[in-house]
S.K.: 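Dropping a structure here in structure tokens format, bear with me for questions.
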There are 2 protein chains.
Amino acid sequence: MEQDTEPKRRVRADALRNEDAVLEAAKAVFAEMGVDAPAREIALKAGVGVGTLYRRFPNRADLVASVFRREVDACAAEAAKLLDAYKPADALERWLHRYAAFLATKKGLAAALHSGDSAFETLPAYFRANFEPALASLLERAAQAGEIRDDLQAYDLLRAIGNLSTAGGDDGAAHARRMLDLLIDGMRRGAKASGSQDAD
Amino acid sequence: MEQDTEPKRRVRADALRNEDAVLEAAKAVFAEMGVDAPAREIALKAGVGVGTLYRRFPNRADLVASVFRREVDACAAEAAKLLDAYKPADALERWLHRYAAFLATKKGLAAALHSGDSAFETLPAYFRANFEPALASLLERAAQAGEIRDDLQAYDLLRAIGNLSTAGGDDGAAHARRMLDLLIDGMRRGAKASGSQDAD
DNA sequence: TGATAAGCGGAACATGGTTCCGTATATCGC
DNA sequence: GCGATATACGGAACCATGTTCCGCTTATCA
């Protein structure tokens, strides 16, 4: 029904460049300082003025949500690429680490999600809608190849890794990585190909 | 083991008065504007300077936690008073409304709890440690008197009312009150004294 | 290649947390 | 009661950060 009012001029090239630069900078800054990072910091890193930032993202929540969606897209898209480049179980392992890395950059987002800001409401659904099929395809291929057990649910795994990643502590990152490796080993041990040796 | 270093002078009377005034003002302002209310607002309402506020509560979280504990104490303490003044089921009903009123003043606190600030970590335990025994005593007395059913768990009720109270919407307060009344009626209908008529 | 709309940068403003310090006063020994 | 003095007070000032505004710059188009 709706028709774009045909614009006389196309969007300026620098505007496009800047939008991208802002998103990239925001991604980096959020990862480093959490989603409460100051807007000036992001503008500085992006090499633009704060005015430019605010013109495109009228408030913080818009920016946060955009960055989040962009990262979800990138991470989910990688599943297909990995499947092309590696044997299924290796692709799966690499992707899970990639996913864990994604989660590691989400400092403070969990709290923001509960802030009630309407810009965040659709994010959990977006998260699941993208990651669940991505992981499911990896699991399916690896299970078909007999490289991992075949009774794993994508959503369960996504949640489990999310939980592992939130366990803070001194060296949370290293801890989470060890636990993830354990999980992956467990997936492989249960594979049909390697028999049913499930002692200890 | 530790011994207070015996102070030469006692705490000044005005300091005591001001601490109380700040807590009272903070309670009112938090209820009205949420826990993110500006410190100046609180100082103004308390009739003190911000300096006074900050001397006693070095940061916001300290103040929020103190107000919260004070309100929990007051609400929990009321259970005993109500039991003295009313017949058990009425005391219970009044207290549940009192508890709902307490919850209604907690705008934004839920989010703050998840903020990771260490000053908040002990609050949930404090909440439960005070409210569960208070409500349990009310339930027990009313059940003994045969005025309500006897299969109610204090913690379940606390949670249920908490959930009812969070349901937002246009007139969240009125809605929550209606639901609470329904709940209370349900408790009474199940009483031994009134038979076992659990139709519709 | 000039006209012009689109876009830009960053100063300026608004808000709110926190600190600092000169002033006021409650307490205590006399 | 009466100073002396530690204690506490008030609020201006400072800093960080979100947000707006507008004069200047520049990509686009004819």
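Here is the naming used below: chain letters follow the sequence lines, and residue numbers restart at 1 for every chain.
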S.K.: Taking atom P of C/dT18 as reference, at what distance in whole Å does atom CG of B/L63 sit?
M.R.: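 After rounding, the gap between these two atoms is 11 Å.
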S.K.: Rounded to whole angstroms, how far apart are CG on A/L53 and C1' on D/dT20?
M.R.: 13 Å
S.K.: For B/P133, what residues pass the side-chain contact (heavy atoms from CB on, under 4.5 Å) criterion, not counting sequence neighbours?
M.R.: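 By the side-chain contact (heavy atoms from CB on, under 4.5 Å) rule, B/P133 matches no residue at all.
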S.K.: Is there any salt bridge (Lys or Arg N to Asp or Glu O under 4.0 Å) pair reaching into residues 90-103 of chain A, and which pairs are they, with sequence neighbours excluded?
M.R.: A/E78-A/R98, A/D90-A/R188, A/E93-A/R188
S.K.: Can you tell me the distance, in whole Å, between the CD atom of A/E41 and the P atom of D/dG18?
M.R.: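 Rounded to whole Å, this separation is 10 Å.
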S.K.: May I have the distance from B/M33 (atom CE) to C/dG17 (atom C1'), rounded to whole angstrom?
M.R.: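 For the pair B/M33 CE and C/dG17 C1', the rounded distance is 14 Å.
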S.K.: Tell me every residue that passes salt bridge (Lys or Arg N to Asp or Glu O under 4.0 Å) with B/D14, counting only those two or more places apart in sequence or in another chain.
M.R.: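 Salt bridge (Lys or Arg N to Asp or Glu O under 4.0 Å) list for B/D14, sorted by chain: B/R12.
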S.K.: Should A/R10 be listed as having a side-chain N or O under 4.0 Å from OP1 or OP2 of D/dC29?
M.R.: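 Yes, within the criterion.
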S.K.: Which residues satisfy the salt bridge (Lys or Arg N to Asp or Glu O under 4.0 Å) test with A/E24, sequence neighbours excluded?
M.R.: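 Partners of A/E24 by the salt bridge (Lys or Arg N to Asp or Glu O under 4.0 Å) criterion, ordered by chain and then number, come out as A/R70.
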S.K.: In residues 14-21 of chain B, what residues come within less than 4.0 Å of DNA chain D, judged by heavy atoms?
M.R.: B/D14, B/A15, B/N18
S.K.: Can you find a side chain N or O atom of B/R56 that sits less than 4.0 Å from OP1 or OP2 on D/dC9?
M.R.: yes
S.K.: How is the hydrophobic cluster of B/V11 composed, in terms of its other members, when Ile, Leu, Val, Met, Phe, Trp and Tyr link through side-chain heavy atoms under 4.5 Å apart, directly or indirectly?
M.R.: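 Taking Ile, Leu, Val, Met, Phe, Trp and Tyr as members, B/V11 shares its hydrophobic cluster with B/L16.
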S.K.: Are there any protein N/O atoms within less than 3.5 Å of an N/O atom in nucleotides 11-17 of chain D, and if so, which ones and at what distance?
M.R.:
residue : atom : partner : partner atom : Å
D/dG11  : N7   : B/G51   : N            : 3.3
D/dG11  : O6   : B/G51   : N            : 3.2
D/dA13  : N6   : B/R40   : NH1          : 3.1

S.K.: Expressed as a whole number of angstroms, how long is the span from A/Y54:OH to C/dA14:P?
M.R.: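 After rounding, the gap between these two atoms is 16 Å.
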S.K.: To the nearest 0.5 Å, tell me how far B/L152 CG sits from B/M187 CE.
M.R.: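 Nearest 0.5 Å value for the CG-CE distance: 5.0 Å.
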S.K.: List in chain and number order the residues that pass side-chain contact (heavy atoms from CB on, under 4.5 Å) with A/E71, two or more places apart in sequence or in another chain; answer none if no residue qualifies.
M.R.: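 Checked A/E71 against side-chain contact (heavy atoms from CB on, under 4.5 Å); matches are A/K27, A/V67, A/F102, A/T105, A/K106.
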S.K.: Please give, in whole Å, the distance from C/dG7 C1' to A/R12 CZ?
M.R.: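 It is 4 Å, rounded to the nearest whole Å.
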S.K.: Hey, could you give me the CZ/OG1 distance between A/F127 and A/T122, rounded to the nearest 0.5 Å?
M.R.: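 The distance works out to 13.5 Å.
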S.K.: Among all residues two or more places apart in sequence or in another chain, which pass the ring pair (Phe, Tyr, Trp, His ring centres under 6.0 Å) test with A/Y99?
M.R.: A/W95, A/F131
S.K.: Could I get the full list of salt bridge (Lys or Arg N to Asp or Glu O under 4.0 Å) partners for A/E132, not counting sequence neighbours?
M.R.: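 Residues passing salt bridge (Lys or Arg N to Asp or Glu O under 4.0 Å) with A/E132: A/R128.
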S.K.: On DNA chain D, compare the nucleotides closest to A/P58 and B/V11; which residue's is nearer the 5' end?
M.R.: B/V11
S.K.: Please tabulate the protein-to-nucleotide N/O contacts below 3.5 Å involving nucleotides 1-4 of chain C, giving atom names and distances.
M.R.:
residue : atom : partner : partner atom : Å
C/dT4   : O2   : A/R9    : NH2          : 3.3

S.K.: Residues two or more places apart in sequence or in another chain: which of them pass side-chain contact (heavy atoms from CB on, under 4.5 Å) with A/P58?
M.R.: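 A/P58 satisfies side-chain contact (heavy atoms from CB on, under 4.5 Å) with A/D62 only.
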